[in-house]
> 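Quick one: the structure is below, and I'll ask about it shortly.
FYI, the numbering just counts along the sequence from 1.
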Amino acid sequence: MRQILLNTGGAVIARVPRAVVSHGSVLVRVHYSAISVGTEIAPLRSAVISSPDSTAVGRGLAYAARVRHLARASARDPRKAMNRIMRIARGQLRRLPIPAAVGSQPAMAAGDRDVQGWAVGYSAAGEVVAVGDGVTELAAGDLVACAGAGQANHADYINVTRNLVCRVPAGCDLQIAATATLGAIAMQGVRRAAPQLGERVCVLGLGMIGQISAQLLRAAGCDVIGLDLDGGRVARAQSLGMRYGASDADAFRALVRDVTGGHGADQTIMTAATKSDAVINLAMDVTRRKGRVVIVGDVGLKVDRNVFYQKEIDLLMSTSYGPGRYDASYELEGHDYPFAYVRWTENRNMQSFLELAASGRIAVAPLIDRVVSIDEAPALYRTLADAEGDLPLGVLIQYSPDAADASERSAPTTVAIRRARAPADGRIAYALVGAGSFGTSMLVPQMDRCRDRYLLKAVVSRHAAQGGNFARDRGVDVLTSNLDDVLADASIDLVVIATRHHEHAAQVKRSLEAGKHVFVEKPLALTWEELSSIAATYTSLETRTALMVGFNRRFSPALEILKARLAARRSPLMIEYRVNAGYIPLDHWVHGTQGGGRNIGEACHMYDVFRFLAGAAVRSIGAAAIDPASLAYARNDNFTATVAYEDGTLATLVYTALGPKTGMGKEHITVFCDNDAFVVDDFHSLTRASDGAVLWQSSEILKGHFEELSAFGDAIARGEPSPIPFEEIVETTAVALEIEDQLFGRADAR
């Protein structure tokens with residue numbers, strides 16, 4: 001399918017895999033999507049580097065400044081920064097006018113590998129083609145409006161979570177439905193202002209959202225006084241029912257004074273987009289004492305305190321579409337707010353806007369200035385970016401008509417980035433599932449160090465821009481949104497799973513059933529049921545493939561040396577492992593259903609270290625957590641766990657988010673044995689306590705990622721079992737699950 005991406009050169013059409021429906025979401029074939037002329041075009045208009053009127057010196061200075069900015073960032077992530085610098089450089093070179101030699105052939109267009117950028121779009125409408133598990137109110141064939149940056153993209157197909165989708169009412173054209181998100185933003189701003197019948201309300205900025213706001217206020221029985229520096233926009237708003245308007249700030253002040261008898265407006269809604277502080281101070285000037293000022297647009301917020309204070313004005317922020325916005329529980333997990341307690345959510349705001357439009361109480365069609373096909377979109381973006389003067393209001397992208405392009409209706413979930421390559425010299429062809437930061441910045445670079453062993457052949461990602469950028473940058477063969485495409489590809493030997501934790505178990509199970517070797521970044525499972533299912537699948541395989549969980553610490557140089565030192569021990573071990581984990585807010589995904597909490601999600605590393613050093617099976621487990629009461633801490637990131645092993649070893653973990661960010665390392669291990677002790681300090685060093693001997697040290701933190709992946713690759717190549725026996729993987733996961741149950745008092749209930 002096709003998707004619009006923006007980059008430093010403007011808008012491009014990228015070939016990306018068709019979105020795949022997921023749990024709690026719907027798959028929509030888009031008919032129209034709305035361009036946010038302000039937010040999407042602003043970066044292209046403001047970039048000196050792409051301005052046709054800027055001098056060569058100015059373009060060079062701007063380019064140099066951006067490179068310097070990225071170079072400073074390289075200290076945090078050198079590879080990512082360098083890649084971005086190179087992409088900027090390539091973009092600049094492609095825009096240089098290169099004269100063709102006499103008789104030469106036209107230059108080839110930039111290859112598909114160069115089509116990179118970031119996803120744009122957040123308001124669309126189309127037809128539901130599939131619904132995910134848990135969605136019961138919608139069905140294939142329903143016409144819907146969709147919202148959400150990162151979901152309602154400019155693309156042929158989009159996968160949108162249920163609470164960001166609403167049904168299009170009868171009589172509402174899909175072009176109007178495509179503006180539902182913009183309408184919800186305007187509606188939420190008006191709701192925040194809470195106008196009463198007969199009140200006088202100012203609207204500063206008469207772009208698309210300002211125009212809709214003015215109409216909503218009029219429908220609510222208010223007199224509206226609008227301001228926009230474009231006189232044409234003022235005239236258009238007045239033609240649609242706005243009573244008063246001005247295109248000059250001083251004239252506007254005088255108009256408000258005269259209309260309100262010198263009292264000022266009851267409310268002022270700012271829908272302008274400017275970094276200037278003049279707008280908010282104008283709002284304070286024209287609003288009456290004890291009135292309300294509502295911020296909807298992106299404006300400067302340096303307020304003149306005197307006017308603000310003397311009038312005792314209520315300054316309110318309107319957050320996008322309404323209650324639920326930026327709440328992962330609402331938007332991603334689909335938990336709606338009770339109707340009786342939260343009457344107007346973002347979804348209900350969208351629905352209400354469309355019903356008002358369908359009934360004719362607000363007029364949206366006159367605000368739509370341009371409708372272009374997706375193929376014309378890149379040229380439109382360039383036209384808008386280069387335009388002098390004012391921009392159009394409503395601009396829509398139209399996608400393939402119902403019967404025009406059957407191939408787009410059945411767009412594939414896989415695209416080929418380059419001609420397929422057969423692994424040379426017996427290398428293991430693998431697919432990366434999940435193009436997040438850990439997979440792309442940790443796992444793949446470590447596997448690159450084993451170039452004689454691994455070949456990255458495919459990337460599986462639901463995020464077409466993020467996954468596509470990575471796949472194209474790396475020049476992999478295949479980019480897909482569907483794991484099944486990889487599992488059916490006989491040329492792929494290994495599946496590397498780096499998705500969020502809640503997806504691991506199902507993906508591992510499916511990959512094993514498909515006969516693939518599997519590396520899954522921890523944890524293996526979040527529940528006993530998931531663990532049992534994986535164990536049953538693995539033991540039932542006729543041909544055992546290698547399964548590896550990313551318990552990398554046992555492969556670290558420090559622990560490998562320590563294990564060798566303990567090989568001839570006479571006594572059991574006493575192990576003390578302290579983790580100063582650092583605080584993570586409770587609304588972070590790690591703590592939610594997608595992460596499973598920090599005990600299961602991270603402390604499993606520590607339980608694997610215990611098992612590795614003890615070399616014996618678990619005998620008993622005990623755990624206790626803090627009582628956080630009303631504090632913003634979780635039981636499963638502030639606890640102790642004690643595990644006893646059959647050889648007599650006793651291991652204790654102290655895991656806490658209460659410690660300092662500085663002055664103390666994250667991980668500290670002390671192992672007591674045979675009248676001596678060994679200390680691993682944050683995987684920087686290994687020392688022997690009795691004489692202070694340094695047995696190993698490094699200037700870097702080395703936790704064994706490379707050694708782990710190298711050992712796994714060797715095992716696959718030799719047809720040997722996984723470097724971590726399956727029984728130990730299952731045991732370690734079971735330890736984490738048992739400790740979780742004890743921390744929350746569930747163990748006694750089983």
Side-chain angles (χ1 to χ4, degrees), residues 1-3 5 14-30 112 115 119 126-135 140 146 150-153 155-161 332 406-418 420 429-436 439-440 443-444 456-472 474 476-521 537 594:
M1 73 170 193
R2 302 160 297 177
Q3 180 169 341
L5 303 178
R15 293 187 310 117
V16 299
R18 176 176 60 77
V20 177
V21 70
S22 56
H23 178 83
S25 68
V26 297
L27 180 65
V28 177
R29 185 172 66 84
V30 179
D112 186 65
V115 181
E127 175 190 352
V128 174
V129 295
V131 297
D133 296 337
V135 177
C146 308
Q151 296 193 50
N153 299 316
D156 286 303
Y157 289 85
I158 53 178
N159 181 49
V160 187
T161 51
L332 302 181
S407 65
E408 285 299 334
R409 292 180 66 92
S410 57
T413 55
T414 296
V415 297
I417 302 298
R418 57 177 292 168
Y430 75 95
L432 175 68
V433 182
T440 59
L443 294 179
V444 171
L456 176 59
K457 190 174 179 62
V459 172
V460 184
S461 176
R462 294 193 190 94
H463 304 286
Q466 181 180 1
N469 289 345
F470 178 73
R472 288 182 169 90
R474 295 300 304 261
V476 303
D477 293 355
V478 170
L479 170 65
T480 179
S481 57
N482 192 349
L483 177 60
D484 289 336
D485 295 336
V486 163
L487 300 183
D489 188 342
S491 69
I492 292 176
D493 308 301
L494 167 65
V495 175
V496 176
I497 297 172
T499 52
R500 288 193 173 178
H501 301 168
H502 68 299
E503 299 187 277
H504 288 183
Q507 291 170 340
V508 167
K509 188 172 182 292
R510 291 165 58 195
S511 300
L512 290 173
E513 291 171 340
K516 304 297 184 185
H517 301 295
V518 180
F519 177 95
V520 56
E521 180 48 33
T537 297
Q594 294 186 348

> Just so I know, are the side chains of R18 and L27 near enough to count as touching, which here means a heavy-atom distance under 4.5 Å?
yes
> Quick one: does L456's side chain get under 4.5 Å of F470's, heavy atoms only?
yes
> Are E513 and T537 close enough that some pair of their side-chain heavy atoms sits under 4.5 Å apart?
yes
> Please report the interatomic distance NE2(H502) to NE2(H23), rounded to the nearest 0.5 Å.
9.0 Å
> Specify the closest pair of heavy atoms between A431 and V486, including all atoms of both residues, with the distance to one decimal.
CB-CG1, 3.5 Å
> Is the shortest heavy-atom distance from the side chain of L332 to the side chain of Q151 under 4.5 Å?
yes
> Check whether any side-chain heavy atom of H504 sits under 4.5 Å from a side-chain heavy atom of I497, and report yes or no.
yes
> Do V444 and Y430 make a side-chain contact, defined as non-hydrogen atoms from C-beta onward lying under 4.5 Å apart?
yes
> Side-chain contact, heavy-atom cut-off 4.5 Å: S22 with N159?
yes
> Which residues pass the side-chain hydrogen bond (donor to acceptor under 3.5 Å, both in side chains) test with S481, not counting sequence neighbours?
none
> Would you say the side-chain atoms of S461 and Q466 include a donor-acceptor pair closer than 3.5 Å?
no
> Heavy atoms, side chains only, cut-off 4.5 Å: are L443 and V496 in contact?
yes
